[in-house]
Amino acid sequence: MKIVSDKTADLQRRSEKAKAMGGPERLEAQKKAGKLTARERLDLLLDEDSFQELDLLRQTRAKEFGLADKDLPADGVVTGMGRIHGRNVCVYSQDFTVMGGSLGLAHAEKICKIMDLALESGVPVIGLCDSGGARIQEGVDALGGYAEIFYRNVQASGAIPQISAILGPCAGGAVYSPAITDFVFMVKDTSHMFITGPEVIRAATGEETDFDTLGGVEAHSERSGVCHFVANSEPDCFRQIQELLEFLPQNYAEPVKPRVTADDPNRESAALDRIAHQDAKRPYAAHEVIRELADERSFFEVHAGFARNIVIGFIRLGGKSVGVVANNPAHLSGALDIAASEKAARFVRCCDAFNIPLLTLVDVPGYWPGVEQEHGGIIRKGAKLLYAYCQATVPKVTVVLKKAYGGAYDVMSSKHVRGDLNFAWPCAEIAVMGPQGAVSILFAREIRRAAKPEERRKELVDDYTKQFANPYLAAQRGYIDEVIEARKTRGKIVNAFRFLRGKKAAKSPKKHGNIPL
Ligand code: HXC
């Protein structure tokens, strides 16, 4: 028989009250808004019965502006420890039904406590955000609370994976915590992120906009690049978070758990041969190549809607997690521009921080030309990708599939920026520029003066193609370690990563570099 003492009953009463969140009316409003509650979300994200809550009974000490009379269960945020597929994680889940999930000092301290615990224990931290931002009544304490979280986000950066899911509003300076974390998820229709809302924008600039246009999923997954993953629903979001975690380690010092695979490491691919022989005017999507190379042809793409001229994401090779960066000829001919450079640079740094090896698939005609790009800062922002590759010390394997022209050849994990093993397909073209452009510059006068200018141009283009548009000059100089048949690529790269597993990188005693941010 279960004996319940008065004291136990008192604890149960207090706990139940705190767990009732904002009460039936506000819970109903949450449901009507198409959102789950803070606690339902944790139930779906975490392994069954694995959640251990901390600070359930925490309360604000603020009394100003009517707060003294308010009851704020758990101070509007559920925090604790749990497991995802058996792995320890720390989580916080903001409760919009308690004062709009607004962040006061106690709320912030609860999040900070869980972040400290995550960093000290070396486990990922996942934040489920649904909040009206700084609790206005708590003034500077709320602002200070946010800053304490930002500070911890930065300390934890590169040490433990940090994941944010935006499941409602995320406004004002509050957006900077997710922005610092490694991966941001948003859910269609219910997630919004912005620094200043539509009304402030209207007052300040006269621009007319609304929440969705300004800070909805489309804005951030396709235009701003703030959002890495779009989910169709909250359950879909949690499923994606679970899948992402499978590619990441618990922390920078631990390896990613390998997955047993029955896929033959030396599986040959006729599809890759077909892509290699396909006319350059019929562009292929980088995803096709990535899937052919990956274990079970499975590719977990990151940032799918943003800067589609470069494709990034995770695959497994021989069971091991590998980050992939691939130019995508199906969009803007795979050229590098500002958005692509920033997208890939952050991913390279993320993989390097967590010791995830990098596979780079090169098919790049160069940098995307234009006044907008130049004035937008392609020099400074394009340099980020160069910097990221130069700095990355994880095993780096590169395959030049087709074009590798100009500065983009250098940047895309070439031997010169310390690619460890660099391969090329026989159809690769590694040169300063393409045949047409080169001939126009080198032989403009000769072509003009020729009796039959177009015939002469064609002769010169053929000659240049024979001499320069191939992988063999680079192979003769050792910049390409091996020219490989397209169909055999998987076997070559699986073996290359297997060999590089023991790679040790020298550490510099300097404080840090000065990346062109
Ligand atoms: C205190 C807040 C609050 C806040 C919402 N509430 N935001 N209370 N501080 N920041 C309360 C509301 O008063 C309301 O209480 C309840 O939460 C639900 O809010 P509603 O407005 O009824 O909900 P909804 O219509 O869905 O609108 C949600 C919203 C809106 C769009 C988020 O509440 C809103 O615009 N809030 C303010 C957003 C904002 O500007 N925050 C400050 C950002 S600046 P009752 O009791 O009526 O139910 C910032 C600085 C951070 O955060 C700086 C860090 C450096």
Side-chain angles (χ1 to χ4, degrees), residues 20-38 59-78 92-112 115 127-154 164-181 184 186-187 189-205 209-217 219-220 226 234:
M21 300 181 273
E25 219 172 276
R26 287 197 169 84
L27 288 171
E28 188 55 35
Q30 178 83 350
K31 210 153 270 171
K32 270 212 180 107
K35 300 193 288 182
L36 297 173
T37 68
Q59 291 280 322
T60 180
R61 275 179 282 181
K63 307 254 179 285
E64 298 80 8
F65 252 74
L67 280 185
D69 309 323
K70 287 220 185 284
D71 177 36
L72 304 179
D75 208 48
V77 63
V78 183
Y92 68 87
S93 178
Q94 292 182 307
D95 181 358
F96 192 81
T97 68
V98 175
M99 241 185 167
S102 58
L103 181 141
L105 186 58
H107 182 126
E109 284 176 352
K110 284 182 67 170
I111 294 176
C112 288
M115 291 176 78
L128 308 183
C129 308
D130 187 3
S131 164
R135 187 174 297 153
I136 298 161
Q137 298 90 328
E138 294 204 32
V140 71
D141 273 341
L143 300 184
Y146 266 122
E148 290 287 343
I149 294 171
F150 303 155
Y151 180 81
R152 282 168 174 79
N153 283 135
V154 174
S164 307
I166 313 302
L167 306 173
C170 184
V175 296
Y176 284 114
S177 173
I180 299 169
T181 62
V184 176
M186 289 178 82
V187 178
D189 303 328
T190 47
S191 308
H192 297 109
M193 295 179 85
F194 45 80
I195 297 271
T196 49
E199 286 193 13
V200 178
I201 290 180
R202 189 179 308 120
T205 70
T209 187
D210 55 59
F211 283 111
D212 260 339
T213 317
L214 180 67
V217 157
H220 289 309
V226 168
E234 291 193 24

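Remember, predicted model here, so these are calculated numbers, not experimental data. Remember, it's 1-based here, ligands and their atoms both numbered in the order they're listed.
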May I have the N/O to N/O pairs between ligand 1 and the protein that fall below 3.5 Å, each with atom names and distance to one decimal?
residue  : atom   : partner : partner atom : Å
ligand 1 : 9 (N)  : Ile136  : N            : 3.2
ligand 1 : 10 (N) : Gly132  : O            : 3.1
ligand 1 : 10 (N) : Ala134  : O            : 2.8
ligand 1 : 17 (O) : Gly100  : N            : 3.0
ligand 1 : 41 (N) : Gly132  : O            : 2.6
ligand 1 : 46 (O) : Arg26   : NH2          : 2.9
ligand 1 : 48 (O) : Arg26   : NE           : 3.3
ligand 1 : 48 (O) : Arg26   : NH2          : 2.7
ligand 1 : 52 (O) : Ala134  : N            : 2.8

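- Within a 6.0 Å radius of CZ in Arg202, other residues, nucleotides and ligands contribute more than 12 heavy atoms.
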Before giving the answer on salt bridge (charged side-chain N to carboxylate O under 4.0 Å, His left out), spell out for Lys110 and Asp75 the whole-Å C-alpha distance, their side-chain angles and the decisive distance to 0.1 Å.
CA-CA 9 Å; Lys110 284 182 67 170; Asp75 208 48; over 6 Å; no
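- Of all heavy-atom pairs between Val217 and Val187, the closest is CG2-O, 3.4 Å.
- Aromatic ring pairs are classed by plane angle as parallel below 30°, tilted from 30° to 60° and perpendicular above 60°; the pair Phe211 and Phe194 is tilted.
- Residues Leu167 and Lys35 share a closest heavy-atom pair of O-CD, 3.2 Å.
- Annotation: side chain to side chain donor-acceptor pair (under 3.5 Å) contacts of Ser93 (sequence neighbours excluded): none.
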